There are 2 protein chains.
Amino acid sequence: MSQQARRSPRRTEALSRERIVEAAVGMLDAAGEGGLTFRALTERLATGPGAIYWHVANKGELLAAATDAVVAAALAAEPEGASPRDRIRALALGLFDAVDAHNWVAAQLSASSWQVTTPRIFEGVGRHVSAMGVPREQWFTVTSVVVQYILGAAAQNAANAQVLGPGADRGEFLAKVSTAWEELDPDDYSFTRTVAQQMREHDDRQQFLDGIDLVLAGITAVHPPAG
Amino acid sequence: MSQQARRSPRRTEALSRERIVEAAVGMLDAAGEGGLTFRALTERLATGPGAIYWHVANKGELLAAATDAVVAAALAAEPEGASPRDRIRALALGLFDAVDAHNWVAAQLSASSWQVTTPRIFEGVGRHVSAMGVPREQWFTVTSVVVQYILGAAAQNAANAQVLGPGADRGEFLAKVSTAWEELDPDDYSFTRTVAQQMREHDDRQQFLDGIDLVLAGITAVHPPAG
DNA sequence: ACTTCCTTGGAACGCCATTCCAGAGAGGCT
DNA sequence: AGCCTCTCTGGAATGGCGTTCCAAGGAAGT
């Protein structure tokens with residue numbers, strides 16, 4: 001199909017899959033999911049659709065490649081920390097921050113990327129899970145749970161950020177949602193009403209870390225290190 | 001804007017928001033995310049686009065309404081079980097099965113539906129969390145974690161089902177992915193390779209329940225009922 | 001009967017992903 | 001040198017999509 005290799009330089013930098021993916025990430029970051037169109041991409045790269053389609057099969061593949069680029073970068077930094085738990089925390093937080101910075105990634109992680117991107121995350125988490133003393137025959141299950149939580153929380157967080165928009169005030173947004181919760185029907189939403197205030201004051205990142213700790217506590221409770 | 005009410009019957013059943021949403025759910029179930037188009041919808045309802053747009057603002061709102069209809073139905077059955085834990089399990093499993101049956105829902109839950117659908121789920125989970133003896137000031141955080149895990153796991157599961165397609169053999173699919181994992185680079189994917197066999201034999205539903213139990217164990221570990 | 005206004009469906013618009021194709025330009029061959 | 005080949009390009013064209021506009025249908029109120 002493709003692979004351009006040894007070729008002398010041109011007036012403009014030669015087109016390549018790498019350069020296309022890079023441009024795609026930039027456009028997605030700037031304008032969100034709907035900001036990536038082949039029209040805009042051809043303009044940005046000063047070329048035509050045919051040139052792009054030579055390097056990339058279709059939009060889905062481009063989206064998957066862009067997602068993989070972001071995740072790979074987030075996973076590139078070796079997680080610091082002495083214990084496996086600390087390393088899981090660091091890895092999870094890195095992923096969370098990456099999804100927060102590129103919030104179009106969330107939708108992709110729950111979609112096409114199973115082929116390449118998810119194994120990457122799975123491997124990173126799994127190594128530390130196995131180091132935690134979880135019995136071997138539970139490795140797959142436990143690792144899956146951790147990955148599912150990380151991706152679920154990151155996706156949820158990105159969804160909130162998306163309805164917000166790039167320039168909006170976060171505190172104002174939380175206050176608005178909190179007020180909306182307080183005005184729900186007391187019969188149907190008694191619980192939600194009572195936590196409306198906590199929701200107003202919460203910090204997304206801290207809550208995510210609390211969630212990781214809770215899952216990790218669950219792992220040690222179900223699979224004690226000594227057993 | 002809308003609300004049609006007292007009107008005598010016609011040759012064909014009168015159009016209504018309810019009937020449109022119902023048709024949309026049917027089309028999404030039958031043909032997936034891409035199966036819902038206004039063109040096909042007008043044909044199925046034997047009408048024109050203008051008629052539909054009179055009842056529904058745009059496609060996003062229609063998708064949100066369809067999602068809410070599915071989730072509301074899944075949450076309608078009062079969860080059985082004596083303990084709060086059992087009720088959380090029942091509620092979570094109901095949601096998981098609903099997303100599995102309508103796997104286009106997953107993408108929506110991580111998107112627009114924050115306004116209506118997520119509070120519904122949040123309330124259902126939160127009531128049982130508060131009954132578990134979690135300290136009041138942790139209700140929001142703990143409930144969020146549980147909801148995030150449920151949605152994350154359901155989304156992940158639906159994503160797998162989606163690449164599979166309606167008629168494909170599940171065992172065959174697992175075998176194929178498992179084999180692909182076994183052929184990964186041993187240096188980069190040592191962990192993933194060792195659990196490839198477990199992945200081949202796992203059961204999605206059972207693993208989801210194990211995950212719920214793990215999270216619940218984490219809750220009691222961090223917030224002991226007596227404390 | 002006449003007016004009003006909710007409701008309908010067809011025609012048209014602009015944008016999108018994708019396909020097709022004529023050809024530019026660099027190596028390799030003779 | 002000339003020619004051929006094969007990679008790579010970009011412009012034009014296609015079909016499908018969400019959405020808008022609007023002329024009219026038809027029951028309710030007078």
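Computed from a predicted structure; not experimentally measured. Proteins come first, then strands; the chains are lettered A, B, ... in the order of their sequence lines, and each starts at number 1.
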Whole-Å distance separating the CG atom of Leu63(A) from the P atom of dA17(C): 10 Å
For the pair Phe208(B) and Phe96(B), name the ring-plane relationship: parallel under 30°, tilted 30 to 60°, perpendicular over 60°. parallel
Nucleotide dT9(D), atom P - distance to CG of Leu45(A) in whole Å: 10 Å
Would you say dC8(D) has OP1 or OP2 under 4.0 Å from some side-chain N or O of Trp54(A)? yes
Could you tell me how the ring of Tyr53(A) sits relative to the ring of Phe38(A): parallel (under 30°), tilted (30 to 60°) or perpendicular (over 60°)? parallel
Whole angstrom is fine here: how far is it from CD1 in Ile52(B) over to P in dT19(D)? 11 Å
Counting any heavy atom closer than 4.0 Å, what does Leu36(B) reach on the DNA or RNA strands: base, sugar-phosphate only, or nothing? sugar-phosphate
Output yes when at least one side-chain N/O atom of His55(A) is less than 4.0 Å from OP1 or OP2 of dT9(D), else no. yes
When all nucleic acid strands are considered with a 4.0 Å heavy-atom cut-off, which category describes Ala46(B): base, sugar-phosphate, or nothing? sugar-phosphate
Starting at atom NZ of Lys59(A), determine the distance to atom C1' of dC15(C), rounded to an integer number of angstrom. 11 Å
Could you tell me how far apart Leu41(B) (CG) and dT8(C) (P) are, to the nearest whole angstrom? 13 Å
Phe38(A) or Ala51(B), whichever maps to the more 5' nucleotide of DNA chain C: Ala51(B)
Do you know which two heavy atoms are closest between Thr42(B) and Gly48(B), and how far apart they sit? CG2-C, 3.5 Å
Protein-nucleotide distance (Ile20(A), atom CD1; dA17(C), atom C1'), rounded to Å: 15 Å
Length of the OH-P vector between Tyr53(B) and dA11(C), whole Å: 18 Å
Among dT18(C), dC17(D), dA17(C), which nucleotide sits nearest the side chain of Pro49(A)? dT18(C)
Out of dT18(C), dT19(D), dC17(D), which has the shortest distance to the side chain of Arg39(B)? dC17(D)
Under 3.5 Å donor-acceptor, Arg193(A) side chain and Glu182(A) backbone: yes
Looking just at side-chain N and O atoms, do Asp210(B) and Thr141(A) make a donor-acceptor pair shorter than 3.5 Å? no
Taking the nucleotide of DNA chain C with the nearest heavy atom to each, does Gly50(A) or Gly34(A) sit closer to the 5' end? Gly34(A)
